[in-house]
Amino acid sequence: MAVASNVEKGAAREAGLVVFGEPLAVDLADTIKMAMNPPLDLIADAKRNEMFWQVERAQLPDGAGVADPDGTQKLREAIRRLFDAKVDGGPLDEAALDLVNEAAAGAVAHPRLSAADGLPVAEMQWSAKTPGAVALAAAARSAIEVLTGPRADRLRRCASPTCSMFFVALNAKRQWCTSDGCGNRERVARFARAAASA
């Protein structure tokens, strides 16, 4: 998982992304705040969709561009359904699996050997019909990695009942999407309950 710079974190906050710097698929899943009524969609229009893909630039392969809003939203919905099933221990939705697999297959990645300072360097070269298809393929492949990779058991949903954000817990004890957001609110609430019962 890439470590986000302060500039990237600032841009993410401006885009409304509370939990940022997670794997690409998790950041995409978190572009809708389901615990709100009505849910708050952070990529509801073309401008905000473009902002999301720009914020995620560091996680995208060379050649990736802004994916179309409709494709982005459909992939996000499929990823969220799969993440919900994984976290809740339920069956994986077949239509969501198909959509993620289709998006993952929308770009081809192959190794390419080049030279840097006279030394061989391996790179991945991606190709697709459009730069947006490369972005969607990268997000879909990120979802596959999150669901099946070595940290698959660390995919979590924030423990706050007023939050719907996902994250991959590098620390096995992590239960809040952010320590300064939901975690801090829970600590304050715990303190207030303890003070009221004293």
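What you see is a predicted model; the values in this text were computed from it and never measured. Note that these values count all heavy atoms, side chains included, but never hydrogens, waters or copies made by symmetry. We number each residue from 1, following the sequence as shown.
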Return the minimal non-hydrogen interatomic distance between [X] and [Y], and the atom names on each side.
| X | Y | result |
| --- | --- | --- |
| Ala64 | Ala135 | CB-N, 4.0 Å |
| Lys86 | Ala152 | CE-O, 3.4 Å |
| Phe166 | Ala29 | CD1-CB, 4.2 Å |
| Asn49 | Asp68 | ND2-C, 3.9 Å |
| Ala104 | Ile144 | CB-CD1, 4.0 Å |
| Val121 | Ala116 | CG2-CB, 3.5 Å |

Walk me through it: do Thr31 and Gln73 pass the test side chain to side chain contact (heavy atoms under 4.5 Å, CB included)? CA-CA 9 Å; Thr31 61; Gln73 290 173 359; over 6 Å; no
Can you measure from [atom1] ([X]) to [atom2] ([Y]) and round to the nearest 0.5 angstrom?
| X | Y | atom1 | atom2 | answer |
| --- | --- | --- | --- | --- |
| Asp41 | Ile43 | CG | CD1 | 5.5 Å |
| Asp98 | Glu102 | CG | CD | 8.0 Å |
| Met51 | Asp45 | CE | CG | 8.5 Å |
| Asp30 | Cys177 | CG | SG | 8.0 Å |
| Glu50 | Thr72 | CD | OG1 | 11.0 Å |
| Asp27 | Leu42 | CG | CG | 11.0 Å |

Using the rule side chain to side chain contact (heavy atoms under 4.5 Å, CB included), only one of Lys33, Arg156, Arg157 pairs with Met165; which is it?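 That would be Lys33.
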Give a yes or no on whether the backbone of [Y] and the side-chain of [X] come within a donor-acceptor separation of less than 3.5 Å.
| X | Y | answer |
| --- | --- | --- |
| Arg154 | Leu170 | yes |
| Arg76 | Leu28 | no |
| Gln175 | Ala169 | no |

Test log, rule salt bridge (Lys or Arg N to Asp or Glu O under 4.0 Å), inputs Glu77 and Arg81: CA-CA 6 Å; Glu77 181 183 332; Arg81 288 198 320 258; 2.9 Å; yes
Applying side chain to side chain contact (heavy atoms under 4.5 Å, CB included), run through Val66 and Phe52 and close with a yes or a no. CA-CA 9 Å; Val66 175; Phe52 168 77; over 6 Å; no
Hydrophobic cluster identity match, [X] and [Y], side-chain contacts under 4.5 Å:
| X | Y | answer |
| --- | --- | --- |
| Leu92 | Val146 | yes |
| Leu147 | Leu24 | yes |
| Leu136 | Leu97 | yes |
| Ile79 | Val168 | yes |
| Val108 | Leu75 | no |

Is it true that Asp62 and Arg112 have a side-chain N and a carboxylate O under 4.0 angstrom from each other?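 Salt bridge flag = no for Arg112 with Asp62.
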Using the side chain to side chain contact (heavy atoms under 4.5 Å, CB included) rule, take Asp84 and Asp93 through it: C-alpha gap first, then chi angles, then the decisive distance, then the call. CA-CA 10 Å; Asp84 279 332; Asp93 179 279; over 6 Å; no
Just do the side chain to side chain contact (heavy atoms under 4.5 Å, CB included) check on Leu60 and Val134 with the steps written out, would you? CA-CA 8 Å; Leu60 295 174; Val134 173; over 6 Å; no
Below 4.5 Å, heavy atoms only, C-beta onward: do Arg80 and Ser164 meet side chain to side chain?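 Yes. Closest side-chain heavy atoms under 4.5 Å.
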Within-4.5 Å side-chain heavy-atom neighbours: Glu145 and Pro150: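 The answer is yes; the side chains approach within 4.5 Å.
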